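Comments concern the structure below.
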Amino acid sequence: MTISIRSARTSDIPQIRKIVDSFAAPGKMLSKETVTLFESVQEFTVAVDGDEVVGCGALHVLWEDLAEVRTVAVVERLQHKGVGHLILERIIERAKGLGVERIFCLTFQTEFFGKHGFEVIEGTPVEPDVYAELLRSYDQGVAEFLDLESVKPNTLGNTRMLKVL
């Protein structure tokens, strides 16, 4: 097994779709429409073994200094073998390269994200003027980050975590 990490391509979407579906069906991850995956392909990083996409994760910018880590998942046979860590490390590098200072995630995998410096948060760690701007977003992830009543209890009952870069 030789895993490489790279930016996703449109041709990866069918395999990303299968990975996401394998987690969404048991309620471990939000499902995403295929069109949404194509629309956000530039946000995705993938782990590849030969020609097979075996893991994925996305970085979605929310604000000047803030982004969300989304859709981190690895095929079952390669879980607990470091593939998820490689994906998340690349996403963190990418966030730093974009000038993002904090990254947010909504997860059941608190131990995994904790190993990378994410901490559980309460409330909304943004200034009031930024909060007001973020309220204008239609993005469900932004609503989760803002801890809005419209998403409480959050869709899956997972934990909000933040990492300062």
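The shown structure was predicted, so the numbers you read here are calculated from the model rather than taken from an experiment.
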What distance separates [X] [atom1] from [Y] [atom2], expressed to the nearest 0.5 Å?
X      : Y      : atom1 : atom2 : value
Phe104 : Arg70  : CZ    : CZ    : 9.0 Å
Ile103 : Phe113 : CD1   : CZ    : 8.5 Å
Thr45  : Ile91  : OG1   : CD1   : 5.0 Å
Ile121 : Thr159 : CD1   : OG1   : 10.5 Å
Glu68  : Leu106 : CD    : CG    : 7.0 Å
Lys115 : Gln109 : NZ    : CD    : 10.5 Å

Taking all non-hydrogen atoms of both residues into account, name the closest pair between [X] and [Y] and its distance.
X      : Y     : result
Val72  : Val69 : CG2-CG1, 3.5 Å
Val100 : Ala67 : CG1-N, 3.7 Å
Met29  : Ala73 : CE-CB, 3.6 Å

ILVMFWY cluster, Ile92 and Val164 together (side-chain gap under 4.5 Å):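 No, no single cluster joins them.
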Using atom types as modelled, flag every donor-acceptor pair under 3.5 Å from a side chain in residues 15-22 to any protein atom, sequence neighbours excluded.
{"from": "Gln15", "atom 1": "OE1", "to": "Val53", "atom 2": "N", "distance (Å)": "2.7"}
{"from": "Arg17", "atom 1": "NE", "to": "Asp21", "atom 2": "OD1", "distance (Å)": "3.2"}
{"from": "Arg17", "atom 1": "NE", "to": "Asp21", "atom 2": "OD2", "distance (Å)": "3.2"}
{"from": "Arg17", "atom 1": "NH1", "to": "Lys32", "atom 2": "O", "distance (Å)": "2.6"}
{"from": "Arg17", "atom 1": "NH1", "to": "Thr34", "atom 2": "OG1", "distance (Å)": "3.0"}
{"from": "Arg17", "atom 1": "NH2", "to": "Asp21", "atom 2": "OD1", "distance (Å)": "2.9"}
{"from": "Arg17", "atom 1": "NH2", "to": "Lys32", "atom 2": "O", "distance (Å)": "2.5"}
{"from": "Ser22", "atom 1": "OG", "to": "Ile19", "atom 2": "O", "distance (Å)": "2.7"}

Between Ile3 and Val54, does a side-chain contact (heavy atoms from CB on, under 4.5 Å) hold up when you go through it step by step? CA-CA 9 Å; Ile3 302 295; Val54 295; 3.8 Å; yes
Does a side-chain heavy-atom distance below 4.5 Å link [X] with [Y]?
X     : Y     : answer
Val83 : Val75 : no
Val61 : Leu98 : yes
Ile87 : Val46 : no
Thr71 : Phe44 : yes

Not counting sequence neighbours, which residues clear side chain to side chain contact (heavy atoms under 4.5 Å, CB included) with Glu39? List them please.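 Counting only residues at least two positions away or on another chain, Glu39 forms a side chain to side chain contact (heavy atoms under 4.5 Å, CB included) with Val35, Thr36.
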Donor-acceptor side-chain pairing of His60 and Glu43 below 3.5 angstrom: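 Present: a donor and an acceptor within the cut-off.
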Is the Phe112 ring parallel, tilted or perpendicular to the His85 ring (thresholds 30°, 60°)?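 If you compare the ring of Phe112 with that of His85, the planes turn out tilted.
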Derivation and outcome, salt bridge (Lys or Arg N to Asp or Glu O under 4.0 Å), residues Arg77 and Glu52: CA-CA 13 Å; Arg77 75 177 193 282; Glu52 180 188 7; 2.8 Å; yes
Between the side chain of Arg90 and the main-chain N/O of Ile5, is any donor-acceptor distance below 3.5 Å?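 At least one qualifying donor-acceptor pair exists.
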Between Lys163 and Glu119, is there a donor-acceptor pair closer than 3.5 Å when you use the side chain of the first and the backbone of the second?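 Side chain of Lys163 to backbone of Glu119, a donor-acceptor pair under 3.5 Å: no, none is there.
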Evaluate side-chain contact (heavy atoms from CB on, under 4.5 Å) for Leu165 paired with Lys96, printing each intermediate quantity in order. CA-CA 7 Å; Leu165 302 178; Lys96 288 177 182 176; 3.8 Å; yes
Crowding at CZ, Arg6 (>12 non-hydrogen neighbours, <6.0 Å):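 Correct, the count exceeds 12.
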Glu76, CD: over 12 other non-hydrogen atoms inside 6.0 angstrom: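 It does not: Glu76 CD has 12 such atoms or fewer within range.
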